[in-house]
Visitor: 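Sending over a structure as structure tokens; questions will come in a sec.
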2 protein chains.
Amino acid sequence: MNAGAPLPPALHAELAPLLGEAWLTDPGERLAYAYDNSRRLALPDAVALPRTREQVQALVRACRRERVPVIARGRGTNTTGASVPVAGGVVVSFERMNRIVDIRPGDRCAVVEPGVLNGDLQTALKPHGLFWPPDPTSAAYSSVGGNLACNAGGPRAVKYGASRDNVLALTAITGAGELIVCGTATTKGSTGYDLHRLLVGSEGTLALIVEASLRLTPSAPARAALRAVYRDVSSAAQAVARLMAQPVTPSMLEFMDGQCVRLARDVGGADLPLDAGALLMIEADGDAHTLPHAIDALKRAAAGDGLLSLDDAADEAARETLWAARKALSPSLRTLAPGKINEDVVVPVSRIPELVDGVQALAREFDLPIVCFGHAGNGNLHVNLLFDPADADQSARAHAAMGRVFELALALGGTLSGEHGIGLAKRDFMPQAVGAQTLALMRQLKTVFDPDAILNPGKLLPDA
Amino acid sequence: MNAGAPLPPALHAELAPLLGEAWLTDPGERLAYAYDNSRRLALPDAVALPRTREQVQALVRACRRERVPVIARGRGTNTTGASVPVAGGVVVSFERMNRIVDIRPGDRCAVVEPGVLNGDLQTALKPHGLFWPPDPTSAAYSSVGGNLACNAGGPRAVKYGASRDNVLALTAITGAGELIVCGTATTKGSTGYDLHRLLVGSEGTLALIVEASLRLTPSAPARAALRAVYRDVSSAAQAVARLMAQPVTPSMLEFMDGQCVRLARDVGGADLPLDAGALLMIEADGDAHTLPHAIDALKRAAAGDGLLSLDDAADEAARETLWAARKALSPSLRTLAPGKINEDVVVPVSRIPELVDGVQALAREFDLPIVCFGHAGNGNLHVNLLFDPADADQSARAHAAMGRVFELALALGGTLSGEHGIGLAKRDFMPQAVGAQTLALMRQLKTVFDPDAILNPGKLLPDA
């Protein structure tokens with residue numbers, strides 16, 4: 001069905017009474033569910049706000065019968081267009097399925113509905129001394145279901161893993177309208193095929209998650225941060241490899257290239273040396289006894305050829321000052337150009353220098369600013385291409401350069417995305433990232449879960 | 001094809017020259033590949049010892065053409081019959097594909113062929129200060145490929161995860177004879193469907209792993225152990241929950257029930273109090289600075305109602321003494337009865353007391369000794385049913401009791417296996433553990449990877 005085509009009357013007749021005021025067909029209401037943080041926009045034909053798994057199952061079955069697309073939606077914070085209904089159909093927003101069903105501290109487990117906000121979950125876990133590791137920038141206003149659908153990560157992933165590493169079991173409705181329970185709410189399991197990790201990162205193309213049992217981690221009572229400034233990217237990247245090869249895993253290990261350092265200083269007003277070619281933000285967590293030793297170990301690993309300065313934050317206020325440089329970054333980028341493509345390629349840690357050098361060569365070749373920062377401990381860099389979208393030539397160059405950035409990451413043994421996912425933005429690059437046989441297998445898996453291809457059509461997998 | 005049927009002549013004619021002396025058809029040679037640690041036995045029709053992925057691919061394609069089963073084999077240490085060729089066919093033993101291809105400390109990554117022994121890999125990693133977390137009891141003589149096929153764990157999994165948590169990418173040959181590359185050798189990735197974790201634990205029923213990129217962890221320079229003795233299982237289980245709810249995750253957290261403690265004392269000669277109802281072996285790792293504080297935190301969490309004694313091991317020798325009680329256990333079980341069924345159910349940590357109580361009730365009901373010990377931090381207990389296999393009535397009671405143990409674990413929100421897998425031993429219980437729709441989906445996934453059902457027939461999935 002095409003965008004904007006009317007819903008089949010039989011579908012409307014079935015779903016309107018099922019959902020009542022949670023079935024939206026007014027164009028103004030639908031518009032609020034037409035976009036995501038990719039700034040792409042396509043109007044859905046209807047929006048459902050279910051409260052129960054039974055409603056979700058009935059909806060999927062009805063849509064399957066009528067061959068109408070179903071697009072799962074958390075809060076639309078993803079950057080790849082994964083929740084934009086490009087083929088029309090029904091957007092299923094999980095905003096009302098937002099109960100925290102159970103928190104079991106001794107089991108390190110929380111059971112939640114998919115619409116719970118990541119930030120609300122963290123607040124509820126705090127009194128128990130626990131947290132759920134995924135911490136995307138959007139955490140305060142993105143949903144757990146959306147985090148799972150995109151395999152969201154964040155700075156803490158270097159020590160605590162991304163979404164896929166922190167889920168024990170999922171209940172979901174497949175595209176065939178079947179309810180499946182995948183995994184067990186235990187921290188170990190070897191009972192048949194691992195379906196729940198397969199659903200994580202599948203961007204709503206295989207099934208709609210209606211409940212998640214999450215793996216929790218006890219919070220360390222204290223943390224401390226270091227800011228290490230290096231002469232050049234290569235020195236900083238070597239420090240990253242040293243930091244990751246020793247036993248005290250940092251709880252964050254963030255990288256900024258020279259361009260970012262300059263922006264943070266000149267535009268953001270951060271106190272940073274003029275000759276800085278790269279910067280690392282390094283954080284450890286622990287308790288009052290162990291933290292000083294952990295910070296010492298990280299200092300030893302951070303030290304080496306090319307280190308210009310190494311500052312530690314004695315308290316939380318000093319830590320905030322250090323992070324100010326990182327936070328000053330995103331707004332500063334707007335001073336370079338009004339438009340930005342932000343992709344999140346990932347490479348093995350040892351290949352970071354080649355990635356950053358290669359990106360700078362592309363910046364020269366395409367005559368556009370490109371800045372790199374991100375989660376160095378995972379080799380997961382955010383490559384920001386800056387351009388003027390009003391300038392057709394610049395836009396074309398920016399998109400061509402981004403294709404070359406993906407080629408570069410793949411050539412270095414990396415891949416297209418570390419935590420944002422594929423969505424619309426990167427699906428045309430999938431054949432370069434994934435071999436033809438493996439891609440064919442992914443298509444067949446999709447058919448098993450979603451035999452009539454109604455779930456989030458046009459996303460993740462390229463057209464055949 | 002039935003066990004013992006002759007190989008199709010065309011298959012022999014193709015594979016004999018391809019593999020040369022690595023193609024075994026002599027009955028005496030085949031017998032060495034007929035069994036595994038389940039003590040089941042079925043003669044394969046031929047055995048292949050490939051050295052390259054190209055040989056594996058050619059073999060699978062030829063077997064597919066002739067509809068001959070292909071059974072991947074590591075070193076046959078698994079306990080479920082997963083590598084026993086019950087339908088005849090060709091056993092593919094990976095013992096000659098045992099190269100460590102690459103170790104990249106800065107990337108925390110090792111690339112290996114599947115036949116590398118876990119113990120040999122650990123030895124090679126040691127000079128780099130790294131280890132691969134899975135540590136099954138069989139580690140010295142089991143292969144990485146076999147560990148991955150069964151999602152092997154071990155005591156360290158409580159802190160460092162099992163096999164599935166420690167693999168970045170896999171290259172494999174599907175049952176369709178296609179070579180697929182799944183995942184990327186990076187510690188983060190969100191590029192399409194997660195196929196490599198799906199292959200882990202699939203027991204050779206989806207594809208044959210020909211190369212693995214493993215996630216490594218830096219070794220802590222020091223470790224220390226505690227032995228905590230409790231009045232009863234409930235007190236010990238409450239201590240486990242307290243230990244897991246605080247931030248210092250133990251590097252091992254092993255449980256022994258009262259029966260085990262008695263055996264370790266009376267038969268193994270361990271120095272243990274007479275009134276012990278349960279025992280925990282607790283270990284932490286760290287460095288000289290942090291370890292004493294970690295042990296203090298674990299002592300605080302171990303203390304509580306029902307604690308009878310808490311001993312720490314000042315040095316490695318004292319630690320070995322503590323572990324002696326645990327090691328004395330397996331041989332001691334033979335004094336109770338000549339036969340043993342050892343299953344490894346898993347439940348949420350908070351349900352351990354109900355599991356152990358329930359098992360003791362079954363021991364009374366079926367009039368057979370049952371002892372429980374294992375990986376308490378993951379809720380993964382080894383339930384050992386002791387009986388005389390020569391006594392038909394005892395054997396029948398033992399198998400009936402084991403079915404009830406599985407029912408109990410499932411009723412407590414757990415599952416059939418934490419780390420041994422399903423194989424032949426537990427596949428008939430799969431319909432109880434996995435819902436009908438989910439099981440149907442697993443069957444369809446199997447068909448995608450293995451359209452002619454040649455890979456390890458009769459394992460993991462129950463007969464339809």
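Every chain is numbered from 1, with letters handed out A, B, ... down the list of sequences. Predicted model, so just to flag it, every value in this text is computed and none were measured.
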Visitor: Output the distance between atom OG (Ser190(B)) and atom NE2 (His420(A)), rounded to the nearest 0.5 Å.
Guide: 9.5 Å
Visitor: Looking at every heavy atom in both Pro105(A) and Ala245(B), which two are closest together, and how far apart are they?
Guide: O-CB, 4.1 Å
Visitor: Side chains of Thr191(A) and Ser417(B): is there a donor and an acceptor less than 3.5 Å apart?
Guide: no
Visitor: Give the interface residues of residues 432-442 of chain B toward chain A, defined by a heavy-atom separation under 4.5 Å.
Guide: Ala433(B), Val434(B), Gln437(B), Thr438(B), Leu441(B), Met442(B)
Visitor: Could you tell me whether Arg215(B) and Asp165(A) make a salt bridge, using a distance below 4.0 angstrom between a side-chain N and a carboxylate O?
Guide: no
Visitor: Which residue out of Gly201(A), Gly192(A), Gly129(A) racks up the most heavy-atom pairs below 4.5 Å with chain B?
Guide: Gly192(A)
Visitor: So, do His289(B) and His289(A) sit near enough that their side-chain heavy atoms are less than 4.5 Å apart?
Guide: no
Visitor: With a 4.5 angstrom heavy-atom cut-off, which part of Leu179(B) approaches chain A: side chain, backbone, both or neither?
Guide: backbone
Visitor: For Arg164(B), is it the side chain, the backbone, both or neither that has a heavy atom under 4.5 Å from a heavy atom of chain A?
Guide: side chain
Visitor: As an exercise, state the distance from CG of Leu291(B) to NE2 of His293(A), rounded to the nearest 0.5 Å.
Guide: 11.5 Å
Visitor: Is chain A contacted by the side chain of Cys150(B), its backbone, both, or neither, given a heavy-atom distance below 4.5 Å?
Guide: backbone
Visitor: Look at Asn151(B), Asn378(B), Val200(B), Val349(B) and state which one has the largest set of heavy-atom pairs under 4.5 Å with chain A.
Guide: Asn378(B)
Visitor: Any side-chain heavy atom of Val448(A) within less than 4.5 Å of one from Val448(B)?
Guide: yes
Visitor: Relative to chain A, which segment of Asn380(B) carries a heavy atom at a distance below 4.5 Å: side chain, backbone, both, or neither?
Guide: side chain
Visitor: Given side chains that start at C-beta, do those of Lys446(B) and Tyr193(A) come closer than 4.5 Å, heavy atoms only?
Guide: yes
Visitor: Val158(A), Leu199(A), Thr205(A), Val248(A): which one forms the most heavy-atom pairs within less than 4.5 Å of chain B?
Guide: Thr205(A)
Visitor: To the nearest 0.5 Å, tell me how far Thr186(A) OG1 sits from Leu412(B) CG.
Guide: 12.0 Å
Visitor: Applying side-chain hydrogen bond (donor to acceptor under 3.5 Å, both in side chains), name anything that partners Thr184(A), two or more places apart in sequence or on another chain.
Guide: none
Visitor: In terms of heavy-atom proximity below 4.5 Å to chain A, should Leu460(B) be classed as side chain, backbone, both, or neither?
Guide: side chain
Visitor: Of the non-hydrogen atoms in Pro348(B) and Ala185(A), which two are nearest, and what is the gap between them?
Guide: CG-O, 3.8 Å
Visitor: Could you note down all residue pairs passing salt bridge (Lys or Arg N to Asp or Glu O under 4.0 Å) where residues 150-162 of chain B supplies at least one of them, sequence neighbours left out?
Guide: Asp135(B)-Arg156(B), Lys159(B)-Asp285(B)
Visitor: Between Met244(B) and chain A, with a heavy-atom cut-off of 4.5 Å, which part of the residue counts as in contact: side chain, backbone, both or neither?
Guide: both
Visitor: For each of Thr217(B), Thr174(B), Leu206(B), tally heavy-atom pairs with chain A at distances under 4.5 Å, and name the one with the top tally.
Guide: Leu206(B)
Visitor: According to salt bridge (Lys or Arg N to Asp or Glu O under 4.0 Å), who are the partners of Lys426(B), at least two apart in sequence or on a separate chain?
Guide: Glu343(B), Asp344(B)
Visitor: I need the minimum non-hydrogen distance between Pro218(A) and Gln246(B), along with the two atoms involved.
Guide: CG-O, 3.2 Å
Visitor: If you count heavy-atom pairs under 4.5 Å between each of Asp107(A), Val346(A), Asp287(A) and chain B, which one has the most?
Guide: Asp107(A)
Visitor: Taking the side chain as every heavy atom from C-beta outward, state whether Pro247(A) and Ser219(B) have any pair of such atoms under 4.5 Å apart.
Guide: no
Visitor: Do Leu445(B) and Leu195(A) touch side chain to side chain, with heavy atoms closer than 4.5 Å?
Guide: yes
Visitor: Testing the 3.5 Å rule here: is there a donor-acceptor pair between the side chains of Thr249(B) and Arg108(A)?
Guide: yes
Visitor: Flag the one option from Arg197(B), His375(B), Gln444(B) with the top tally of heavy-atom pairs under 4.5 Å to chain A.
Guide: Arg197(B)
